[in-house]
Amino acid sequence: MIYFMTKKTKTAITPTRSENYPEWYQQVIKSSDMAEKSPVRGCMVIKPWGYAIWENIRNVLDGMLKATGVKNAYFPLFIPLSFLEKEAEHVEGFAKECAVVTHHRLEKNGEGGLIPAGKLNEPLVVRPTSETIIGDSFSKWVSSYRDLPILINQWANVVRWEMRTRIFLRTSEFLWQEGHTAHTTREEAVERTHLMLDIYAEFVEKYLAMPVVKGYKTPAERFPGAVDTMCIEAMMQDKKALQAGTSHFLGQNFSRSSGIIFQSASEQEEFAWTTSWGVSTRLIGGLIMAHSDDDGLVLPPKIASAHVVLLPIFRKPEEKTIVMEFTENLSNELKQIFYHNRRIEVEIDTREIGGARGWDWIKKGIPLRVEIGPRDIAQDSLFVGRRDQGHREKKSIKREEFIKTIKDILDEMQANLFERALAFQKDNTVLIDTKKEFYDFFIPENIDKPEIHGGFALSHWCGSENCESQIKTDLSVTIRSIPVNTKKENGKCVCCGKPADKRVVFAKAY
RNA sequence: CGGGGCGUGGCGCAACCUGGUAGCGCGCCUGCUUUGGGAGCAGGAAGUCGGAGGUUCAAAUCCUCUCGCCCCGACCA
């Protein structure tokens, strides 16, 4: 192998994305101080810098949900085992990953330890999702068609005992919102399913700056118990797909099992039509993998934990007074500005001057870094670095100008991130029509240590579950969705060659 | 749960093969120096070597068991 003299650029994160993507992901989280592993297997501690992102997601999305008439409520963490047993497919889907509470007391074991005691008559399952317990409530709340629709959401934690966990992407416990609605007609429920998917897509694209593909899941990928599952899929920088949100049309399955029955205008007893939909802390994992670079986290301004960090620079004590006063004043002024309904959030870092201080904030992904020293103050200007640009591309900006344009700068960054992600997604989305080309696309050159490869393949699928599972077995590639905007186009199934009338999205997935 | 890899100060790693009681870089603390693009020098704090057992005069090192993490697979938001 030939090595050129080009000295490798020093990156804040090792390894880089191309060297080892999964390890890079871990390091970005560690060095941004967003979250850390906990003593509990598969569970994470979300630290303030990471939790702030979740709070921002929650605040924005909560408003968007409420704007469609949804109201928040809260249901129990514990679900009686008998509730889960009511919907056959639903149980089957979740049975393998349930945490079960069987006792309600601890007793001394005589050796300084404790043992569970007080066995429960009926075990309680820590909710993996709440269709059954919310369905039980709905059945009591509904008697007439006049009681419908019911539009409920809850922000909660859920537990799914996963075999393999990955911080933010798949943890045993995670935070989410789950919406549950009940309607008089099939049409209205289907419409709600679409509406919520649209809201998720809008939110993820406009706030998280992640372009998504809206689509339908195949039967094999459907939510257990759903008639139809819709999803938004985003492409990560390793070209894998991430399901960023789902919206389910549950038909009458859950109203049958929970007894959500209403009397219609024509005096008939009917089962309600229900939906459920959710997004989770997984979005934060997606955010990281969609935008971050080899210097660490990159946060879209609209959702960032904070917008700007002020880095005062002074050497002599007499400078300190001037610089700190200028900094405090600037901070107070910036905090008066509203950026997309949220005050500009300012951090001030008074630690010792040095490159390392600035690099910490680069690794934390804060959109703007503002250096303030005596020379800047003399010119009434600031030295500003943007996270979406190289770390050397800092510019001097007049203070007034900065205050006047900070919203525009942040909006421009937000737009840049989206455009960049969209271009990446487009560059790595290809039409594939032959089986050979399809397999070549998804097989890495180096099997032992796979390089970043693949992407979204838009290919024809005959609709058979055999072909779907064959491809999954061969390549660990799955049908991410049948896009809502897919057009009729005659072609051949990329697996079996039989006629098919539309393309679906194939990809490796998280 | 199967296959592979790895557990050593906060982070990243070395020492392990060939046993002799732990070292490096970054970070952290103190002091001095320094011209605002990842500062220099000096001093300092911090480690049950993942855990348990065994072999041995002696174990991070060898053996057995165990726990956890990461990657690949099956499952999933």
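Per chain, numbering begins at 1; letters A, B, ... match sequence-line order. Predicted, not measured: the structure shown is a model, and the values here were computed from it.
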Undergrad: Ignoring backbone atoms, test whether A:Gln27 places a side-chain nitrogen or oxygen under 4.0 Å from the OP1 or OP2 oxygen of B:rC11.
TA: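 It does not, given that no N or O in the side chain of A:Gln27 lies less than 4.0 Å from OP1 or OP2 of B:rC11.
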Undergrad: Scan every strand shown for a Watson-Crick or G-U wobble partner of B:rA58, both distances under 3.5 Å, and answer none if you come up empty.
TA: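 Check on B:rA58: unpaired, no WC or wobble geometry under 3.5 Å.
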Undergrad: Name the closest nucleotide to the A:Trp359 side chain, picking from B:rG38, B:rC71, B:rG12.
TA: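 Out of B:rG38, B:rC71, B:rG12, the nucleotide with an atom closest to A:Trp359's side chain is B:rG38.
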Undergrad: Give a yes or no on whether the ring-centroid distance for A:His391 and A:Trp359 is below 6.0 angstrom.
TA: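 Centroid separation for A:His391 and A:Trp359: below 6.0 Å.
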Undergrad: Could you check which of B:rC71, B:rC72, B:rG38 has an atom nearest any side-chain atom of A:Lys363?
TA: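 Closest of the options to the side chain of A:Lys363: B:rG38.
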Undergrad: May I ask you to evaluate whether A:Arg41 reaches the phosphate of B:rC67, defined as a side-chain N or O under 4.0 Å from OP1 or OP2?
TA: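 So the side-chain polar atoms of A:Arg41 never come under 4.0 Å of the phosphate oxygens OP1 or OP2 of B:rC67.
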Undergrad: Name the pairing partner of B:rC17, where a pair is Watson-Crick or G-U wobble with both distances under 3.5 Å, or state none.
TA: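 No nucleotide pairs with B:rC17.
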Undergrad: Name the pairing partner of B:rC11, where a pair is Watson-Crick or G-U wobble with both distances under 3.5 Å, or state none.
TA: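 For B:rC11, the partner nucleotide comes out as B:rG25, under the 3.5 Å rule.
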Undergrad: Suppose we define a pair by two distances each less than 3.5 Å, Watson-Crick or G-U wobble; what does B:rC69 pair with here?
TA: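 By the stated definition (distances under 3.5 Å), B:rG5 pairs with B:rC69.
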Undergrad: So does A:Arg375 get a side-chain nitrogen or oxygen closer than 4.0 Å to the phosphate oxygens (OP1/OP2) of B:rU35?
TA: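 It does not, given that no N or O in the side chain of A:Arg375 lies less than 4.0 Å from OP1 or OP2 of B:rU35.
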Undergrad: Indicate, with a heavy-atom threshold strictly under 4.0 Å, whether A:Gln243 touches base, sugar-phosphate, or nothing.
TA: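 Since only primed, P, OP1 and OP2 atoms lie under 4.0 Å of A:Gln243, the category is sugar-phosphate.
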Undergrad: Using a 4.0 Å heavy-atom cut-off, does A:Ala12 contact any base of the nucleic acid, only the sugar-phosphate backbone, or nothing at all?
TA: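 Touches a base.
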Undergrad: Would A:Tyr51 and A:Asn56 count as having a side-chain donor-acceptor pair, cut-off 3.5 Å?
TA: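 Side-chain D/A pair, A:Tyr51 to A:Asn56: absent.
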Undergrad: Give me the distance, rounded to whole Å, that separates B:rG43 from B:rU48 when you measure between the P atoms they each carry.
TA: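 So the two P atoms sit 25 Å from each other.
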Undergrad: Between the side chains of A:Ser130 and A:Glu178, is a donor N or O closer than 3.5 angstrom to an acceptor N or O?
TA: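 Yes - a donor-acceptor pair under 3.5 Å links their side chains.
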Undergrad: Give a yes/no on whether any side-chain N or O of A:Lys30 is located under 4.0 angstrom from OP1 or OP2 of B:rG12.
TA: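 For B:rG12, OP1 or OP2 has a side-chain N or O of A:Lys30 closer than 4.0 Å.
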Undergrad: Between A:Tyr207 and A:Phe203, what is the ring plane arrangement, given parallel below 30°, perpendicular above 60°, and tilted in between?
TA: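 Answer is parallel, since the angle falls under 30°.
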Undergrad: Have a look at A:Trp155 and tell me which of A:Trp54, A:Phe174, A:Phe75 forms a ring-ring contact (aromatic ring centres under 6.0 Å, His included) with it.
TA: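 Only one of A:Trp54, A:Phe174, A:Phe75 forms a ring-ring contact (aromatic ring centres under 6.0 Å, His included) with A:Trp155, namely A:Trp54.
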Undergrad: What does B:rA42 pair with, Watson-Crick or G-U, if both distances are under 3.5 Å?
TA: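 Here B:rA42 is engaged in a pair, and the nucleotide opposite it is B:rU30.
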Undergrad: For B:rU64, which nucleotide in any strand shown is its Watson-Crick or wobble partner with both distances under 3.5 Å?
TA: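 When the pairing criteria are applied, B:rA52 turns out to be the nucleotide that pairs with B:rU64.
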Undergrad: Using a 4.0 Å heavy-atom cut-off, does A:Asp376 contact any base of the nucleic acid, only the sugar-phosphate backbone, or nothing at all?
TA: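 Since a base atom lies under 4.0 Å of A:Asp376, the category is base.
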Undergrad: Starting from P on B:rC75, measure out to CG on A:Leu169 and report it in whole angstrom.
TA: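 Distance, rounded to whole Å: 18 Å.
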Undergrad: Specify the separation, in whole Å, of atom CD of A:Glu352 and atom P of B:rG38.
TA: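 Interatomic distance, CD of A:Glu352 to P of B:rG38: 15 Å.
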Undergrad: Checking side-chain contact (heavy atoms from CB on, under 4.5 Å) between A:Ile313 and each of A:Arg375, A:Glu319, A:Arg357, which is the one that passes?
TA: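 Of the listed options, the one satisfying the test is A:Arg357.
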Undergrad: Looking at every strand, decide which applies to A:Leu242 at a 4.0 Å heavy-atom threshold: base, sugar-phosphate, or nothing.
TA: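 Here A:Leu242 touches no strand at all.
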Undergrad: Considering only atom C1', compute the distance from B:rG51 to B:rA46 and round it to an integer number of Å.
TA: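 Result for the C1' pair: 22 Å, nearest Å.
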Undergrad: Within this structure, what is the CZ-to-P distance between A:Arg164 and B:rC69, rounded to whole angstrom?
TA: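 The distance from CZ of A:Arg164 to P of B:rC69 comes to 12 Å, rounded to the nearest Å.
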Undergrad: Ignoring hydrogens, what is the shortest heavy-atom contact between A:His453 and A:Ile443? Give both atom names and the distance.
TA: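 Taking every non-hydrogen atom into account, CD2-C, 4.2 Å.
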Undergrad: Where along residues 464-481 of chain A does a heavy atom fall under 4.0 Å from RNA chain B?
TA: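 Correct list: A:Lys472, A:Ser476.
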Undergrad: What is the separation between atom CD on A:Glu319 and atom C1' on B:rU35, rounded to the nearest whole Å?
TA: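 Distance, rounded to whole Å: 11 Å.
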Undergrad: Go through the side-chain N and O atoms of A:Glu233 and A:Ser481 and say whether any donor and acceptor fall under 3.5 Å apart.
TA: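 There is no such pair (donor and acceptor under 3.5 Å, judged by atom type) between the side chains of A:Glu233 and A:Ser481.
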Undergrad: Once you apply a heavy-atom cut-off of 4.0 Å, does A:Gly373 come out as touching a base, just sugar-phosphate, or nothing?
TA: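 Base: the residue A:Gly373, judged by heavy atoms under 4.0 Å, touches a nucleobase.
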